[in-house]
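So the structure is just underneath, and the comments pick up after that.
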Protein chains: 2
Amino acid sequence: MTLTVTNDRNLPDEALDRVFHALSDRTRRALIARLLEGPASVKELADPFPVTLPAIGKHLRVLEAAGLMHREIRGRTHICSLTPEALSDAASWLQTYRMFWEESLASLANEAERKEGD
Amino acid sequence: MTLTVTNDRNLPDEALDRVFHALSDRTRRALIARLLEGPASVKELADPFPVTLPAIGKHLRVLEAAGLMHREIRGRTHICSLTPEALSDAASWLQTYRMFWEESLASLANEAERKEGD
DNA sequence: GTAATTGTAAACCAATTGGTATACTATAAC
DNA sequence: GTTATAGTATACCAATTGGTTTACAATTAC
């Protein structure tokens, strides 16, 4: 297998940097998980977490900057919703490597099986 | 769609933190891309990059800590190879959200088409 | 043996991170 | 109009990051 990866799709590096960085924090991943159930205000999002509102505010801006989330301001509350495109970009990048790891995992499994058979 | 995400698979948070963090740097992603073509020594990996060898050494340790890479020491050279499991873990996490974003993207496309038709 | 090569270790640096507390703005409720 | 609520802004903090330079250890080549 020689899969010459030339950064095909033009997902710019900066965008991928931001998306993967956004996903690298467990609080932000939990926020995404919560938003998956539907839109929510900043307060609602912050409540389950042991950190202050400003901290959650920062996390939300990181998610927004990565294009993973957007907000609609309604009076004094900000309604946050997931934006699917950016997540899809990250998945696309990983997709490039899917063939590699599936094949690798398969051969690892075969090897294990072969040893089992000894 | 109400996909109640309860962190099903037991990919521990720390592991996902490390994997996504490892992927959040473009130099490290490029190193992964290079390793996809086959194992390589630290020197070979470092050569194409405009940074020093110790810097690449650090990146490789980050990849190793994330479980994305391993090395076999042969004399004075370290032969680095990808480890597929960790990448697969990241992909699995994203997979959880696949249904969401595919549906969302589809409805966005529909909307665009509908507007086109006006 | 001496010199070159491969790589890590350690010390340092500026920038970023995730968090806080406090102050503030703006909307909503009474 | 006063008070409570939702959220941001700012200033600060300690820890981490990505990079450097210099020094070092170990293997290989001559």
Side-chain angles (χ1 to χ4, degrees), chain A residues 12-35 38-82, chain B residues 12-35 38-82 86 90:
Chain A
D13 282 340
E14 301 85 30
L16 276 178
D17 286 356
R18 279 193 293 270
V19 172
F20 281 124
H21 170 248
L23 295 179
S24 76
D25 181 276
R26 68 191 69 178
T27 300
R28 287 193 292 265
R29 287 198 305 277
L31 287 169
I32 291 177
R34 165 62 188 82
L35 284 173
S41 72
V42 175
K43 176 71 172 352
E44 285 168 341
L45 289 170
D47 265 345
F49 294 96
V51 296
T52 58
L53 201 60
I56 298 295
K58 281 192 188 179
H59 281 307
L60 294 177
R61 278 191 289 279
V62 169
L63 291 173
E64 242 176 335
L68 289 164
M69 197 208 82
H70 62 279
R71 70 180 78 198
E72 189 198 345
I73 301 179
R74 281 202 160 212
R76 70 183 162 180
T77 78
H78 298 202
I79 303 299
C80 303
S81 317
L82 278 189
Chain B
D13 282 341
E14 302 84 30
L16 275 177
D17 286 356
R18 281 194 291 269
V19 172
F20 280 125
H21 170 249
L23 295 179
S24 74
D25 181 278
R26 69 192 68 178
T27 300
R28 286 192 292 264
R29 288 198 305 276
L31 287 169
I32 291 177
R34 166 61 188 82
L35 284 174
S41 71
V42 175
K43 176 73 172 353
E44 284 168 343
L45 287 170
D47 266 347
F49 294 96
V51 296
T52 59
L53 200 60
I56 297 295
K58 283 192 187 181
H59 281 307
L60 294 177
R61 278 191 291 277
V62 169
L63 292 173
E64 242 176 335
L68 290 163
M69 197 207 85
H70 62 278
R71 72 180 75 197
E72 189 198 347
I73 302 178
R74 281 204 160 211
R76 71 183 162 183
T77 79
H78 298 202
I79 303 299
C80 304
S81 316
L82 278 189

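Letters go in sequence order (proteins before strands), and every chain restarts at 1. Only heavy atoms go into these numbers, but all of them, side chains included; no hydrogens, no water, no symmetry mates. Just so it is clear, the model here is predicted, and its values are computed rather than measured.
Annotation for A:C80 and A:L35: closest pair O-CD2, 3.4 Å, computed over non-hydrogen atoms. A pairwise comparison of heavy atoms in A:T27 and A:H59 identifies CG2-CD2, 3.8 Å as the closest pair. Counting all heavy atoms, side chain and backbone alike, B:S24 lies closest to A:F20 at CA-CB, 3.6 Å.
Distance, A:E64 CD to D:dT8 C1': 12 Å, rounded to whole Å. Atom CD1 in B:I56 sits roughly 11 Å away from atom C1' in D:dG18 (whole-Å rounding). Summarising the geometry, the separation between CG on B:L53 and P on D:dT22 is reported as 16 Å, rounded to the nearest angstrom. Atoms CG (A:L45) and P (D:dG7) sit 9 Å apart, rounded to a whole Å.
When each of A:A55 and B:G57 is assigned the nucleotide of DNA chain C with its nearest heavy atom, B:G57 is the one assigned upstream, toward the 5' end. Closest-nucleotide positions on DNA chain C for A:H59 and B:L60 were compared, and the one nearer the 5' end corresponds to B:L60.
Residue-level contact check: B:R74 touches neither bases nor backbone, having no heavy atom under 4.0 Å from any strand. As judged by a 4.0 angstrom heavy-atom cut-off over every strand, A:R26 is placed among residues making no nucleic acid contact. Heavy atoms of A:T52 sit under 4.0 angstrom from at least one base atom.
B:L63 contributes atom CG, which lies 14.5 Å from atom NZ of B:K58 (distance to the nearest 0.5 angstrom).
Distance alone, capped at 3.5 Å, places no donor-acceptor pair between the B:R28 side chain and the B:L23 backbone. Of the possible polar contacts, none joining the B:R34 side chain to the B:L45 backbone as a donor-acceptor pair under 3.5 Å is found. In this structure, the side chain of A:R71 does not engage the main chain of A:V42 through any donor-acceptor pair within 3.5 Å.
Checking the phosphate oxygens (OP1, OP2) of D:dT8, a side-chain nitrogen or oxygen of A:H78 falls inside 4.0 Å. The shortest distance between the side-chain N/O atoms of B:K58 and the OP1/OP2 oxygens of D:dG18 is not below 4.0 Å.
The span of DNA chain C lying next to chain A, judged by atoms under 4.0 Å from heavy atoms, is bounded 5' to 3' by C:dT17 to C:dA28.
Checked against D:dG19, D:dT8, D:dG18, the side chain of A:R61 finds its nearest nucleotide in D:dT8. Nearest to the side-chain atoms of A:R76 among the listed nucleotides D:dA4, D:dG18, D:dG7 stands D:dA4.
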